[in-house]
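Count residues from 1 along the sequence.
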Amino acid sequence: MGGFTGAKIALFIGPRLAVILRDDRPGLIFADHWDFPGGGREGGEGPFACAQRECREELGLTVPQSAVVWQRAFEERGEMRWFFVAELAEDAALDVRFGDEGQTWTLMTPEEYLSHPKGIPPFQDRLRMFLRERNQGPDERPPAALSGGR
């Protein structure tokens, strides 16, 4: 599991994604943009442990590994970063405890995030890839979060 520097998690809470408005500081990449929970690797943690810790720090939510419905590693600026998609029930929104990184958080439909001018382009691309792959196969059901079911 070595060789990666960070991980992000597109977290569906019911039919919507949990997104965090990044701080608006000079020099911060994608400052004042809507981001997914995640960040840099600490110590020897694995990719999912990194995403899970960051989600707990940023939103106060513990995402179980069983909630992950898609994952992939991407090379980004010469570094390997992981991207996960996970689904939690809609009532998980009641458990959110916003941390001290970012300006605020909200829930956004995938369509809103994909078309938002302050969505982070590489993450918009990764979300599109997930949605395309997830809905491709004739035998694959759409994720509960996207079909309105639980």
Side-chain angles (χ1 to χ4, degrees), residues 1-110 112-114 116 118-136 140 142-146 150:
M1 291 216 195
F4 82 98
T5 58
K8 290 284 182 177
I9 186 164
L11 180 62
F12 281 94
I13 297 179
R16 298 177 293 168
L17 291 160
V19 293
I20 298 168
L21 186 60
R22 290 176 62 84
D23 289 317
D24 191 10
R25 290 195 314 257
L28 180 66
I29 190 166
F30 295 115
D32 201 38
H33 277 64
W34 290 105
D35 196 1
F36 294 127
R41 178 185 195 182
E42 290 185 2
E45 68 188 352
F48 180 70
C50 174
Q52 187 180 49
R53 174 186 49 75
E54 289 282 350
C55 193
R56 196 170 42 251
E57 290 173 1
E58 295 171 3
L59 295 176
L61 296 175
T62 299
V63 178
Q65 180 110 33
S66 60
V68 174
V69 296
W70 192 83
Q71 60 187 16
R72 179 126 342 132
F74 292 90
E75 188 176 333
E76 188 177 297
R77 295 185 306 274
E79 299 175 336
M80 193 61 64
R81 299 179 186 265
W82 279 83
F83 189 83
F84 295 90
V85 178
E87 298 174 339
L88 295 179
E90 200 163 357
D91 61 359
L94 301 172
D95 297 325
V96 170
R97 299 293 174 264
F98 187 61
D100 58 4
E101 290 182 40
Q103 301 176 62
T104 190
W105 79 281
T106 194
L107 293 172
M108 213 177 265
T109 67
E112 287 172 317
Y113 187 79
L114 292 174
H116 202 291
K118 289 190 174 189
I120 295 177
F123 301 153
Q124 289 172 320
D125 291 344
R126 291 168 195 177
L127 181 61
R128 270 189 205 92
M129 182 184 295
F130 159 71
L131 294 170
R132 198 170 37 247
E133 288 181 15
R134 188 63 183 242
N135 294 318
Q136 214 169 36
E140 289 190 32
L146 300 178
R150 283 180 96 93

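Here the closest non-hydrogen pair linking F36 and I9 is CB-O, 3.3 Å. When all heavy atoms of A7 and C50 are compared, the closest pair comes out as N-SG, 3.8 Å. Between A92 and L61 the shortest heavy-atom distance is O-CD2, 3.7 Å. Minimum interatomic distance between I120 and Y113 (heavy atoms only, all atoms of both residues): N-OH, 3.1 Å. Across every non-hydrogen atom of V68 and F48, the tightest pair is CG2-CE1, 3.4 Å. Counting all heavy atoms, side chain and backbone alike, I13 lies closest to A93 at CG2-N, 3.6 Å.
Listed by chain and residue number, D23 satisfy the side-chain hydrogen bond (donor to acceptor under 3.5 Å, both in side chains) test with R25 (two or more places apart in sequence, or in another chain).
Rounding to the nearest 0.5 angstrom, the gap separating the NE2 atom in H33 from the CG atom in L28 is 10.5 Å. Of the inter-residue distances, the one linking E54 atom CD with R56 atom CZ reads 10.0 Å to the nearest 0.5 angstrom. Note that CD1 of I20 is 11.5 Å distant from CD of Q103, once rounded to the nearest 0.5 Å. One finds the NZ atom of K118 at 13.5 Å from the CG atom of D35 (value rounded to the nearest 0.5 Å). We find the CD-CZ distance between E45 and F4 to be 6.0 Å, quoted to the nearest 0.5 Å. Note that the CD atom of E87 and the CG atom of L17 stand 10.0 Å from one another [nearest 0.5 Å].
Not a single donor-acceptor pair under 3.5 Å links the side chain of Q71 to the backbone N or O of F84. Remark: the backbone N or O of L114 is not paired with any side-chain donor or acceptor of H116 at under 3.5 angstrom. No side-chain donor-acceptor contact under 3.5 Å links R16 to the backbone of E90.
At a threshold of 4.5 Å between non-hydrogen side-chain atoms, the residues I29 and R77 count as touching. Counting only heavy atoms from C-beta outward, the side chains of P110 and F12 approach each other to under 4.5 Å.
Salt bridge absent: E76 and K8 never bring a charged side-chain N and a carboxylate O closer than 4.0 Å. Under 4.0 Å is where a charged nitrogen must lie from a carboxylate oxygen, and between R72 and E133 at least one such pair does.
Ring geometry for W70 against F83 counts as perpendicular: the plane angle is over 60°, on a 0 to 90° scale with 30° as the lower cut.
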